[in-house]
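Worksheet: one structure, shown below.
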Amino acid sequence: MKQFYELGISNNILRTIEEENFEEPTEIQEKSIPLILEGKDVIGGSKTGSGKTLAFSTAIIQNSEKGKGIQALVLTPTRELAEQVSKELKKFSKYKKLSITPIYGGVSINPQIEKLCRTDVVVGTPGRILDHLSRNTINLSKVRTLVLDEADRMLDMGFLNDVEKIIRKCSVKRQTLLFSATISTDIYHLAGKYMNSPVKISAENYVDPKLMKQVYFDVKNKLKFSLLVHLLKLEHPGLVMVFCNTRKSVDFVSRNLKKNNIDAIAIHGGFSQAKRTQTMNQFYKQDIYVLVCTDVAARGLDIKGVSHVYNFDIPKDSKDYIHRIGRTARAGNEGKVINLLSERDHENFSRVLRDNDLNIEKKQTPYIERVVIAFQERNNKFNNSRRFGKRPRTRRTHY
Ligand code: ADP
Ligand code: MG
């Protein structure tokens, strides 16, 4: 195992690495940083939480100078991730003082336009970057380091065309780095088109089984929510993420948890950006310990101290399962994944088991009290009626 100083990283970054108390590079960092700093195009595949951000940040920081136009662009699938990567870059570039600007939609565009005139590095989502391109308020012709972060996610979310349009606006004399938790044939296709003899690096893809325990319960659908409440009350040493497949399901779970006196917050694509940011900050600060979310909203976020991941619904796509479980057992901490299956999850669960080499232990359903379910999953009127000042209609069902 090499040390950070042996990878060719400049002293100003080494200083912040030391201040962050990173003792040694992760596998993907050790393998990719020397090649990245040599200027090679790199495709890096490794699980979430393995430190890919620092790997590409080294190149961006070392190859950019203050006040010389936008020299680096990082594309991310979500707004939250743009915000997070931009914060990390600011942290690692503390002793170089680069100007780093996150650019994403859902917030007003004018302040962004102003910042874009002076910034050295942009971290953004494809939609808003394209918007700026069409207004001529961003100039990518000087981009020498282009990073596609969470590339698999960007393609899954249908950003391929947007991403291609953006890549074509960057200088051809550039280094392109592509990072992804999973590497599919679509990714290779994209790499073949826009990268220059890329070197592929991958690190151990799955979590350390010694640190992560995965279990499942198989219950009747009508008992599933009660089981969740039961388990949440039983053990909660750290932060908890509860994943659902749809926004409706997130609303159902989060509202009913609150009804059962469990402090929960929800995040999904249906909330305004301001609300999403506020929610994430509450969770980061550990004000609230249960976050109920969809895959999209939680993509690539680095939240420290997640001890439990619950799958209230089993995801359709088995790659999402890997992304979800990557939220816990990070940076050497222990984590637990609890899958709550009912009839409707069996097909998805079989797919997860078929596509991945996982060890998920079956648990007997304990004796559980049926809890109050005040809001039904299909009760869409809730939001509207509240907006118009009426009391929401709630049906009380005991199960
Ligand atoms: P990825 O992009 O691979 O999902 P991140 O770059 O978000 O992972 O890193 C996950 C977490 O690990 C971050 O909190 C980061 O600060 C931390 N980290 C990165 N590299 C190291 C390291 N070498 N040692 C300890 N922690 C690290
Ligand atoms: Mg990442």
Side-chain angles (χ1 to χ4, degrees), residues 28 43-50 52-53 56 73-85 104-106 123-130 146-167 176-195 198 200 202 205-207 241 243-250 267-271 273 276 293-303 309 311-327 345 347-349 351-356 358:
I28 191 78
I43 301 176
S46 73
K47 71 174 175 92
T48 47
S50 57
K52 296 190 281 291
T53 320
F56 63 74
L73 171 67
V74 182
L75 288 180
T76 68
T78 64
R79 299 160 182 181
E80 281 81 7
L81 193 60
E83 196 60 59
Q84 187 177 306
V85 168
Y104 48 77
V123 184
T125 52
R128 185 53 75 90
I129 304 258
L130 265 189
L146 170 68
V147 179
L148 308 177
D149 194 20
E150 305 256 338
D152 52 347
R153 292 286 158 209
M154 281 200 285
L155 301 195
D156 286 352
M157 288 168 79
F159 284 138
L160 179 61
N161 272 338
D162 292 358
V163 168
E164 290 196 71
K165 278 186 204 150
I166 295 167
I167 298 178
T176 308
L177 306 171
L178 184 155
F179 287 89
S180 203
T182 54
I183 296 186
S184 61
T185 45
D186 287 346
I187 300 267
Y188 281 122
H189 188 71
L190 186 70
K193 242 166 129 180
Y194 298 104
M195 295 178 81
K200 187 187 170 237
S202 52
N205 248 312
Y206 296 127
V207 273
M241 291 178 86
F243 280 93
C244 300
N245 287 2
T246 62
R247 293 176 183 185
K248 263 191 207 166
S249 180
V250 167
I267 184 169
H268 62 53
F271 294 127
Q273 188 52 41
R276 281 162 71 171
C293 55
T294 54
D295 294 283
V296 179
R299 240 151 237 188
L301 292 179
D302 174 44
I303 303 163
V309 166
N311 288 317
F312 189 77
D313 304 309
I314 306 301
K316 272 206 192 75
D317 187 335
S318 62
K319 275 184 288 174
D320 283 327
Y321 184 86
I322 300 301
H323 283 279
R324 288 181 184 185
I325 68 175
R327 314 281 103 226
D345 298 295
E347 197 184 322
N348 290 349
F349 194 59
R351 199 175 304 123
V352 168
L353 293 179
R354 190 191 63 212
D355 294 350
N356 304 292
L358 299 168

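Along the sequence shown, residues are numbered consecutively beginning with 1. Heavy-atom basis, side chains included; hydrogens, waters and symmetry copies ignored.
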Residue pair [X] / [Y], side-chain heavy-atom distance below 4.5 Å:
X      : Y      : value
Met241 : Cys293 : yes
Ile167 : Lys193 : no
Asp162 : Leu75  : no
Met157 : Thr78  : yes
Ile183 : Lys200 : yes
Asp186 : Leu160 : no
Leu358 : Tyr321 : yes
Val147 : Val85  : no

### Message
For Ser46, is there any backbone N or O sitting under 3.5 Å from a side-chain donor or acceptor partner on Lys52?
### Response
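At least one qualifying donor-acceptor pair exists.
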Any residue meeting salt bridge (Lys or Arg N to Asp or Glu O under 4.0 Å) with [X], in chain and number order, not counting sequence neighbours:
X      : answer
Arg247 : none
Asp295 : Arg324
Arg153 : Asp156, Asp320

#### Entry: Pairing residues for Tyr194 by the side-chain hydrogen bond (donor to acceptor under 3.5 Å, both in side chains) criterion, not counting sequence neighbours
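Only Glu164, Arg168 meet the side-chain hydrogen bond (donor to acceptor under 3.5 Å, both in side chains) criterion with Tyr194.
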### Query
Who pairs with Asp152 by side-chain hydrogen bond (donor to acceptor under 3.5 Å, both in side chains), at least two apart in sequence or on another chain?
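Listed in chain order: Ser180, Thr182, His323.
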### Query
Between Met195 and Thr176, which heavy-atom pair has the shortest distance, and what is it?
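Here Met195 and Thr176 meet closest at CE-O, 3.1 Å.
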### Task
Compare every heavy atom of Thr76 with every heavy atom of Met154, then report the nearest pair and how far apart it is.
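Nearest pair, atom of Met154 first, then Thr76: SD-C, 3.8 Å.
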### Task
May I ask you to decide whether Arg79 forms a salt bridge with Glu83, counting only side-chain N to carboxylate O separations under 4.0 Å?
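No salt bridge links Arg79 with Glu83.
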### Message
Taking ring-ring contact (aromatic ring centres under 6.0 Å, His included) as the definition, give me every residue that meets it alongside Phe349, ordered by chain and number, with sequence neighbours left out.
### Response
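If we apply the ring-ring contact (aromatic ring centres under 6.0 Å, His included) test to Phe349, skipping adjacent residues, the hits are Tyr216.
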### Test log, rule side-chain contact (heavy atoms from CB on, under 4.5 Å), inputs Asp313 and Asp345
CA-CA 7 Å; Asp313 304 309; Asp345 298 295; 4.2 Å; yes
